Amino acid sequence: MSQWLSEIKPTWCPGCGDYVILGTLKTVLEKLKLNQDQTVIVYDIGCIGNMADFIKAWGFHSLHGRSIPTAVGIKNANPKLNVIVIGGDGGIYGEGLGHMIAAARLNLDITVIVANNQLYSLTTGQSSPTTPKGVKTKSTPKGVESVPVLPLELIKTVNPEALAQRVNGSQPQAVMKAIEEAIKHQGFDLLDINQLCVSFGKQLVQ
Ligand SMILES: Cc1ncc(C[n+]2csc(CCOP(=O)(O)OP(=O)(O)O)c2C)c(N)n1
Ligand code: SF4
Ligand SMILES: [Mg+2]
């Protein structure tokens, strides 16, 4: 049993990409030998936020869209801490978008990992800010009318020094490498992990 895993077993649907994020994050935390006592993970709300129960580290299961300001407060209160945010596209790019821009502009040394399944999945599949235009979802039966938010481009616009990466969530080696780079990076970093919600996102498969 890894020192970074709690005794609670994940409750995600079989085949959910969140298992890849949990497994790769755990492996990177072990590899980097981060001090468990000096590591705080702030979780947003959503399927991915439920990781709060599965990782053994200092954790803060915050509010939907409010994980980044919570992390900013923790980092400012104690800059020695390793602060990692884990959230979904709905929380980070929707309700929390302004907070992400503010933290990126300040180049605060926090790592933001987003499970981007292009849906509000915990609430059973409504469209999110990254759902492609035209895709039908529970909340958009005639198809999404807006173009999607482009998170990496937004970050690069407000802070060219930030590390902004996108990775395919079905490739664990690539996810692991990107998580390691993000945690090691000094300053703001965003890791956008593209994944599929196997329960509500089948229409997103191309
Ligand atoms: C302030 C607030 N607004 C809305 C909700 C309802 N809500 C809970 S999870 C969720 C969607 C989560 O989507 P996302 O952040 O993409 O995470 P996922 O479930 O896809 O992993 C919503 C809208 C809430 N809990 N709090
Ligand atoms: S609803 Fe989708 S995102 Fe949530 S656990 Fe199931 S497969 Fe994963
Ligand atoms: Mg989502």
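Here the structure is a predicted model, which means the values were calculated and not measured. Just so you know, ligand 1 is whichever comes first in the structure, and atom 1 is the first atom listed for that ligand.
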## Note on the structure
Near L122 (heavy-atom distance under 4.0 Å), the atoms of ligand 1 are 9 (S), 19 (O)

### Summary
ligand 1 atoms nearer than 4.0 angstrom to some heavy atom of G91 are 15 (O)

### Query
Are I45 and V114 grouped together when hydrophobic residues (ILVMFWY) are joined by side-chain heavy atoms under 4.5 angstrom apart?
no

### Message
Under a plain distance cut-off of 3.5 Å, with no hydrogens placed, do Q118 and D89 share a side-chain donor-acceptor pair?
### Response
no

### Message
Nearest non-hydrogen contact with atom 24 (C) of ligand 1 belongs to which option: Q126, H64, Q118?
### Response
H64

### Query
Can you tell which of I74, I92, I113 makes a side chain to side chain contact (heavy atoms under 4.5 Å, CB included) with V85?
I92

### Closest protein heavy atom (residue, atom, distance) for atom 4 (Fe) of ligand 2
C47 SG, 2.4 Å

### Message
As a test of understanding, state which of I68, I110, T70 forms a side chain to side chain contact (heavy atoms under 4.5 Å, CB included) with V42.
### Response
T70

### Query
Does a donor on one side chain and an acceptor on the other come within less than 3.5 Å for Q38 and N78?
no

### Message
Residue-level breakdown please: for L122 versus ligand 2, do any non-hydrogen atoms fall below 4.0 Å on the side chain, on the backbone, on both, or on neither?
### Response
neither

### Query
Does Q3 CD have over 12 foreign heavy atoms under 6.0 Å away?
yes

### Task
Spell out the protein N/O/S atoms under 2.8 Å from the Mg ion (ligand 3) as residue plus atom name.
D89 OD1, N117 OD1, L119 O

### Task
Identify the protein heavy atom lying closest to atom 2 (Fe) of ligand 2, giving its residue, its atom name and the separation to 0.1 Å.
C197 SG, 2.3 Å

## Note on the structure
Numbered in order shown, the ligand 1 atoms found under 4.0 Å of a heavy atom of I45 are 8 (C), 9 (S), 12 (C), 15 (O), 25 (N)

### Query
More than 12 foreign heavy atoms under 6.0 Å from NZ of K26: is that the case here?
yes

### Summary
Going by the 4.0 angstrom heavy-atom rule, the piece of E95 near ligand 1 is side chain

### Summary
Quick note on ligand 1: atoms under 4.0 Å from a heavy atom of G46 include exactly 9 (S), 12 (C), 17 (O), 19 (O)

### Query
Can you find an N/O atom of N117 closer than 3.5 Å to an N/O atom of ligand 1?
yes

### Task
Answer yes if L108 and I84 sit in the same cluster of Ile, Leu, Val, Met, Phe, Trp and Tyr residues linked by side chain heavy atoms under 4.5 Å apart, and no otherwise.
no

### Query
Considering only heavy atoms of N117, which atoms of ligand 2 have at least one such atom less than 4.0 Å away?
3 (S)

### Query
Do S62 side-chain atoms and D44 backbone N/O form a donor-acceptor pair below 3.5 Å?
no

### Task
Return the minimal non-hydrogen interatomic distance between I155 and A162, and the atom names on each side.
CG2-CB, 3.6 Å

### Task
Would you kindly confirm whether V167 and Y19 end up in one hydrophobic cluster when ILVMFWY residues are joined by side chain heavy atoms under 4.5 Å apart?
yes

### Query
Nearest non-hydrogen atom to atom 18 (P) of ligand 1 belongs to which of G87, C47, S67?
C47

#### Entry: Any side-chain donor near an acceptor of the partner, N116 and Y93, under 3.5 Å
no

### Query
Which value, rounded to the nearest 0.5 Å, describes the distance between C197 atom SG and I48 atom CD1?
11.5 Å

### Message
When you compare ligand 1 with G90, is there at least one nitrogen or oxygen pair between them that comes in under 3.5 angstrom?
### Response
yes

### Message
Using modelled atom types and a 3.5 Å cut-off, is there a donor and acceptor pairing between side-chain atoms of H99 and backbone atoms of S67?
### Response
no

#### Entry: Subset of ligand 2 atoms that lie under 4.0 Å from at least one heavy atom of V198
7 (S)

### Query
Of all the atoms in ligand 2, which lie at a distance below 4.0 Å from a heavy atom belonging to F200?
1 (S)

#### Entry: Minimum-distance protein heavy atom relative to atom 13 (O) of ligand 1
Y120 CA, 3.5 Å

### Query
Going through the checks in order, is the side-chain contact (heavy atoms from CB on, under 4.5 Å) test met by D37 and W58?
CA-CA 7 Å; D37 233 20; W58 294 110; 3.3 Å; yes

### Message
Between ligand 1 and D89, is the shortest N or O to N or O distance under 3.5 Å?
### Response
yes

### Query
Out of V114, T131, L119, T123, whose heavy atom is nearest to atom 20 (O) of ligand 1?
L119

### Query
Do Q36 side-chain atoms and K56 backbone N/O form a donor-acceptor pair below 3.5 Å?
yes

### Task
Return yes when at least one N/O/S atom of C13 is nearer than 2.8 Å to atom 2 (Fe) of ligand 2, and no when none is.
no

## Note on the structure
ligand 1 to I48, heavy atom cutoff 4.0 Å, flagged ligand atoms 21 (O)

### Query
To which protein heavy atom is atom 8 (Fe) of ligand 2 closest, and what is the distance rounded to 0.1 Å?
C16 SG, 2.4 Å

